[in-house]
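Scroll down for the structure; my scribbles are underneath it.
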Amino acid sequence: MVFNKEIARFAVGNIISLILFLSPLPTFVRIWKKKSVEQFSPVPYLATFVNCGLWVLYGIPLVHPRSILVVTINGTGLAIFVVYLMLFLLYSERPKRMKIFLIIVGEIIFLASLAILVLTLVQTHKKRSTIVGSICMAGNIFMYASPPAIMKLVMTSKSVEFMPFLLSLFSFLNGVSWTTYALIRLDAFILVPNSMGTALGLAQLLLYAMYYKSTKRQNAERQAQGELGLAEKMSNDANV
């Protein structure tokens, strides 16, 4: 029974979360090819970066023993999102780049300060877990709640072009998987934010379904206008 629980925890924790962390890859391939971040928001990536850092701190043996799964998957996520943020910095316009850079520096200072204060001033695992776990809950809710700004853009523009489907899908699946993980080994710090994340992920998927057809229509209209403009230009060049 213990072995089965460990397999289940590994499956629902590591595999789904790794897919979530890799799900923005098509977005960043597009950014790399176009050499521009366009209207993509950095907020989900900044929120996930600091969230992964918090959970790495929560899972280390000095804070919360027997939580190596939390450390491994969030450490992997931290490394992946460092790469994403580097690309976002590289292809953002200068004012936006400086703002993102300052936020990243602030997040790193916050994580380092929290780690030093907790490990030096708090003496027991229980107290450390409570303090860091409470902050992790807030960080996790912030990560899941970061898309509302994008969702507002979707509802205003009636287009899901800049709300990546895979990120929405695997945010939902990640919430489900970590909710399951928290129920297998009851952990309220993981259960509360991820159950909320499940609901927010579902809301994004419903929004995606609602505006998918209008997005295709807008893209088709833009493509038709682009082809028409190109045809007019070629015609004008031919008449010269």
Side-chain angles (χ1 to χ4, degrees), residues 9-38 40-60 67-92 96-97 99-112 114-115 132 135-147 149-150 162-181 190 193-194 197-198 200-201 204-205:
R9 287 168 59 198
F10 177 84
V12 302
N14 273 3
I15 297 175
I16 299 295
S17 292
L18 181 60
I19 295 173
L20 169 68
F21 295 147
L22 293 175
S23 63
L25 194 57
T27 297
F28 282 90
V29 170
R30 171 174 169 168
I31 288 172
W32 177 70
K33 286 182 177 179
K34 293 195 171 185
K35 303 294 187 288
S36 171
V37 298
E38 300 178 275
F40 289 108
S41 171
V43 174
Y45 312 109
L46 290 166
T48 305
F49 171 76
V50 72
N51 184 67
C52 286
L54 286 169
W55 282 111
V56 167
L57 178 59
Y58 176 80
I60 64 175
S67 295
I68 190 65
L69 173 62
V70 177
V71 176
T72 54
I73 189 57
N74 284 286
T76 302
L78 192 65
I80 291 171
F81 275 82
V82 165
V83 176
Y84 290 158
L85 289 172
M86 287 176 64
L87 286 171
F88 222 100
L89 284 170
L90 181 63
Y91 294 118
S92 294
K96 190 173 187 178
R97 182 185 301 129
K99 184 177 179 180
I100 294 170
F101 177 75
L102 291 174
I103 292 173
I104 293 171
V105 171
E107 289 181 341
I108 293 171
I109 292 172
F110 168 71
L111 290 170
L114 179 63
V132 178
I135 297 172
C136 284
M137 284 179 62
N140 227 29
I141 292 170
F142 177 60
M143 181 187 77
Y144 283 123
S146 60
I150 305 170
F162 297 105
M163 187 176 75
F165 172 72
L166 289 178
L167 183 59
S168 298
L169 174 62
F170 286 103
S171 290
F172 170 70
L173 294 178
N174 186 67
V176 172
S177 69
W178 281 102
T179 299
T180 306
Y181 170 91
I190 297 177
N194 282 287
T198 301
L200 287 167
Q204 292 176 57
L205 291 176

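Quick caveat, the model's predicted, so the values are computed rather than measured. In what follows, residues are counted from 1 in the order of the sequence shown.
Taking CG of Leu54 as the reference point, atom CG of Leu114 lies at 6.5 Å (rounded to 0.5 Å). Annotation: the span from Leu46 atom CG to Leu85 atom CG amounts to 5.5 Å, rounded to 0.5 Å. Between atom CD1 of residue Ile31 and atom CZ of residue Phe40 there is a gap of 6.0 Å, rounded to the nearest 0.5 Å. Expressed to the nearest 0.5 Å, how far CG of Leu89 lies from CD1 of Ile104 amounts to 4.5 Å. The CZ atom of Phe49 sits 14.0 Å away from the OH atom of Tyr84 when rounded to the nearest 0.5 Å. Considering CG of Leu102 and CZ of Arg97, their distance stands at 12.5 Å, rounded to 0.5 Å.
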Please step through side-chain contact (heavy atoms from CB on, under 4.5 Å) for the pair Thr27 and Tyr45, ending with a clear verdict. CA-CA 12 Å; Thr27 297; Tyr45 312 109; 4.1 Å; yes
side-chain contact (heavy atoms from CB on, under 4.5 Å) assessment of Leu18 paired with Thr76: CA-CA 8 Å; Leu18 181 60; Thr76 302; 3.9 Å; yes
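Heavy-atom minimum distance, Arg30 versus Glu38: NE-OE1, 2.8 Å. Residues Gly175 and Thr198 share a closest heavy-atom pair of C-OG1, 3.0 Å. Scanning all heavy atoms of the two residues, the minimum distance from Val56 to Gly75 falls at CG2-N, 3.4 Å. What you find for Cys52 and Asn74 is that their closest heavy atoms are CB-O, 3.5 Å. Contact record, Phe88 with Ser41: CZ-C, 3.7 Å, taken as the closest heavy-atom pair.
A cation-pi contact, defined as under 6.0 Å to the ring centre and within 45° of the axis, links Lys35 to Trp32.
Between the Asn51 side chain and the Ala47 main chain, no donor and acceptor come within less than 3.5 Å of each other.
You'll find the side chain of Pro42 reaches within 4.5 Å of the side chain of Lys96, heavy atoms only.
Residues passing the ring pair (Phe, Tyr, Trp, His ring centres under 6.0 Å) test with Phe21, sequence neighbours excluded: Phe81.
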